[in-house]
Amino acid sequence: MTPFIANTDSDRKLMLDALGLGSVAELFAAIPEKYRFPDLKLPAALSEPEIFQELSAAASRNADAGGYALFAGAGAYNHFVPSVVDALSSRGEFFTAYTPYQPEASQGTLQALFEYQSMAADLFGMDIVNASHYDGASALAEALLMAWNAASRQRSKVVLSSGLHPEYRAVIETYTRNLGITLCTPGPGTSAGAKTETETETKMETETLESLIDAETACVAVQFPSFFGNLEDYSRLCETAHRNGALFIVSADPLSLALFEPPGSYGADIVTGEGQPLGNYLSFGGPCLGMFAATKSLVRKMPGRLAGEAMDGQGRRGYVLTLSTREQHIRREKAVSNICTNQGLAALRAAIYLAVMGKNGLKKVADITYRRARYAAGKLGKLPGFSVLNTAPFFREFVLRCPLDTWEIMNRCAKLKIVPGVPLSRWFPERTQDILVCVTEMNSRSQIDSLVSVFETFCGEAASEK
Amino acid sequence: MKNEPQTGRGAFPAFSGKEPGKELGKELWQESPEAGVWDYSVPGREGVALPDVDVPGCELPPGIPQRKELPLPEISELDAVRHFTRLSRLNYSIDTHFYPLGSCTMKYNPRISEKIAALPGFSLAHPLLPEFLCQGSLEIMELLQNFLAEISGFQAISLQPAAGAHGELCGVMMIRAYHQKNGDSRRLRMLIPDSAHGTNPASVAMCGFQAVQVPSDSRGNIDIQALKSLCDDTLAGLMLTNPNTLGLFEERLTEAVEAVHNAGGLVYGDGANLNALLGVFRPGDAGIDVMHFNLHKTFGTPHGGGGPGAGPVGAGRKLAPFLPGPRVLREGTVLRLAMPENSIGRVKAFYGNFSVLVKACTFIAMLGAKGLRAVSENAVLNANYLKKLIERGYSIPYNRTCMHEFVASGHLSDTIHALDVAKRLIDYGCHPPTIYFPLIVKEALMIEPTESESRKTLEAFADAMLAIAEEARHNPDIVKTAPHGTPVGRLDEVSAARNPVLKHSNEKAP
């Protein structure tokens, strides 16, 4: 009947006989009769070629980065995925296994997780990275809860930078709503990034953040680079947080840390991040990879699974899931979080990516990304009527103010198979002329040049309209 | 004798007479079986051909400290292939072994689902594309929302949560938001049966609720008298796993739901065990108010060595406006993303684990209504047949007709425990069941065969189980010291937790 069920009618007959039953339906007698065997109204079953055709047709109705020039980022990045990442992570021995509850039968997964933890910890400059969370947003929300718990829930205030991704901010609001935690952010002007347009004003945000930190503050959370692309030196802010007994949390883009000093180097206590750029596809936003790091002294407060070394009776080294007394299956309501699974396969992909890119490759990807983004911003910002709002340094994203409504630009570019960025009005309705443009190593110089010439035609039109 | 590896009798031919995991080290690869990725590293090796910088040079910004050291390995592409291929072969997986891990529904993962999810139209689609450029993705999401609503009897579905525990957290948050909206701020007590997953009480704590445990009765049902005595005006709701973690359909379900509703509470259904109920029972019909799905269990998407899963939430009339978002809505011929009216908000960036959604959608579309019912019927038949075979050697504490799984006791003697049985099963070429859960059975072995497995596989597994019970009587040492055929023996987890080594030390590398 279906290739996913092994038994035939004669198997079923034999099995029912052994059970002394006349029909399969008899197995369901415990279900109240009025609810039993509802008639599901679903479309007729499709064969393998039919489903492939049908869903391929749906896939073709998306503007994917294969067919379009993509300059959209804002938390999901179109970086190159080496073939070897696909080849190795698609081995059934990896992806059809589950959580390594039985270490002797799961050394492959466990060692790969240990290697992911180790390489990610080196990248973040931190003592410990766990086996991953759902995504960068939920990892940051869990980091805030961890800081709140680390202060024995006695400090109820959390200071948030206005440079956090607005969807990360939204997740934090959902996670903290019922726990009596107060979120403090600099005023509405800065939350839209409007005041982070110049370097002095960027420094002002740091100052404003500093002024919000007090003895009630459990932690301070910032993003590197900020949602608007800005790079900032957070060492002073980190010191201020520590002076007030608060923890310092950075949501960091892992790739940018190939070029810039990692948060661990200036004393961050918890570092989270979105690991999708490390060998994971865009996939319409999921699965992602929530990276989660902490200092050694905080490890027993850390949510999420941890792979660690262990020895067997003959002195052979192996790996196990460890420190599980933090977790829900042991501690139930006293656990540090309800998190159960991680994003094992995404972490495996990141491990393979980091290993195969290595010291030089990762730096090279980050370097090309940085230079091409600068190149694009230089050209686009010089067009009449356009300006780049970031005057602080940026990594791969920048805010471009346009002479036209950004949705008009999106519509016209779509006809030319270009997605020129993400309109900021998506989150900040008043910012109708600002677009967040992202450039990676996947955007060739000629692709950037075509974007510039398309935008050039817009400035002509905008001028003639006036 | 003791140092000689002793493999099982070969119930599973793939491993009979061999020492799994060791063959590679002996025959092919001279590197230590303990080799880490760093052991391949040689300064100057590169693993990927990358484009050159083709834009005019620019300096790194002066005010931002530059990276001094990046201690990542330097390996070739072949090094990576050798290393990670070797690691993969140390795993037991559905593709290589029977994997009856109770409560996890380790069924076959169809390859067509993988192929479709990998189409560039899906894998290279950016989540922040304008809606008119991602109608294909939104179509899949709408389709799956409709499929799940029909299968479960709920009014609306949100695909946003990334995993079962994540969906469960959403469900509890929704109950909290509902009571708050009604000004019922005193309703803070959430009832949880003693057989529940640990995530239930942990989710409750994260929502500022108080977890109150309800005992089970002698048939493995929720103790209905105890439940009723806890239903008052401080009741927020009840979290009910059905079938419960003993693999039993909750016989007092209707009564329990009624009691909670009459007291003004809401019922959360833990959908972990939905694989028993497809086309058999719809939780929404029986008055469950909210439930999460585990797409990676029920709809055959891979478990990925521990994720990514997907944990959509479904809700009935009362709680649908509180679902997390955004959800996909149809406006004529156009699909849009929108937040439900009283939404608890977002629980992750973007819209859920999209590629997992594609795979689940594929699975459901290929099976249809009849096929889905066949899935549950075969899963339940397999579990009952296997229970029948195994009860000859193991005690089954709540022994009545089970659903998709059952719980046996692994307590074979004063010296042979569930852990020993599990480890010995590895020698027989089989992944062990879930052990020591649920907590209400002494030394639980929780066994879930799924519909994917054939009668022959079940019989081979039962033979292995019975052989181990026999060994426990006549040769207990071989069980006590198992596994023997794995690359490492039992690992010292106590020392590992006392002095945790959670990161490779670069100093150790040569």
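Residue numbers begin at 1 in each chain, while the letters A, B, ... track the order of the sequences.
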Atom pair [atom1] ([X]) and [atom2] ([Y]), whose distance is rounded to the nearest 0.5 Å:
{"X": "B:I364", "Y": "A:L46", "atom1": "CD1", "atom2": "CG", "result": "12.5 Å"}
{"X": "A:C288", "Y": "B:F354", "atom1": "SG", "atom2": "CZ", "result": "12.5 Å"}
{"X": "A:F260", "Y": "B:Q66", "atom1": "CZ", "atom2": "CD", "result": "7.0 Å"}
{"X": "B:L50", "Y": "A:D367", "atom1": "CG", "atom2": "CG", "result": "11.0 Å"}
{"X": "A:N338", "Y": "B:E168", "atom1": "CG", "atom2": "CD", "result": "6.5 Å"}

Check: [X] side chain, [Y] main-chain N or O, donor-acceptor pair, under 3.5 Å:
{"X": "B:R282", "Y": "A:L40", "answer": "no"}
{"X": "A:N62", "Y": "B:G121", "answer": "yes"}
{"X": "A:D64", "Y": "B:L124", "answer": "no"}
{"X": "B:E150", "Y": "A:K41", "answer": "yes"}

ask   = Can you name the residues that form a side-chain hydrogen bond (donor to acceptor under 3.5 Å, both in side chains) with A:D122, not counting sequence neighbours?
value = B:K503, B:N506

Under 4.5 Å, counting heavy-atom pairs only, tell me which of [options] racks up the most with chain A.
{"options": "B:T401, B:T434, B:V347, B:L101", "value": "B:V347"}
{"options": "B:R400, B:H197, B:E46, B:E251", "value": "B:H197"}
{"options": "B:R373, B:K388, B:M106, B:E493", "value": "B:R373"}
{"options": "B:G164, B:P56, B:P73", "value": "B:P73"}
{"options": "B:S41, B:S495, B:G309, B:G36", "value": "B:G36"}

Can you check whether [X] reaches [Y] side chain to side chain, under 4.5 Å on heavy atoms?
{"X": "B:H83", "Y": "A:E115", "answer": "yes"}
{"X": "A:E173", "Y": "B:R346", "answer": "no"}
{"X": "A:F4", "Y": "B:E451", "answer": "no"}
{"X": "A:I368", "Y": "B:P51", "answer": "yes"}
{"X": "A:V24", "Y": "B:V380", "answer": "no"}
{"X": "B:E377", "Y": "A:F37", "answer": "yes"}
{"X": "B:L502", "Y": "A:L323", "answer": "yes"}
{"X": "A:L70", "Y": "B:L129", "answer": "yes"}

task = For the residue pair B:F281 and A:Y35, categorise the inter-ring angle as parallel (less than 30°), tilted (30 to 60°) or perpendicular (more than 60°).
result = perpendicular

key: Aromatic ring pairing B:H303/A:Y98, orientation class (parallel under 30°, perpendicular over 60°, tilted between)   = perpendicular

query = In terms of side-chain geometry, is the basic nitrogen of A:E261 or B:K68 positioned less than 4.0 Å from the acidic oxygen of its partner?
reply = yes

Choice from A:S132, A:G136, A:S337 maximising heavy atom contacts with chain B below 4.5 Å = A:S337

task = Please assess A:T96 against B:N109 for the test side chain to side chain donor-acceptor pair (under 3.5 Å), listing each intermediate value before the final yes or no.
result = CA-CA 7 Å; A:T96 74; B:N109 306 136; 4.9 Å; no

Tell me, for [X] versus chain B, whether the close heavy atoms (under 4.5 Å) come from the side chain, the backbone, both or neither.
{"X": "A:R12", "value": "both"}
{"X": "A:A44", "value": "backbone"}
{"X": "A:R91", "value": "side chain"}
{"X": "A:D233", "value": "both"}

Check: B:H166 ring centre within less than 6.0 Å of A:Y134 ring centre = yes

query = Looking at B:F84 versus A:F94, is the centre-to-centre ring distance below 6.0 Å?
reply = no

key: Residues forming a ring pair (Phe, Tyr, Trp, His ring centres under 6.0 Å) with B:F350, sequence neighbours excluded   = none

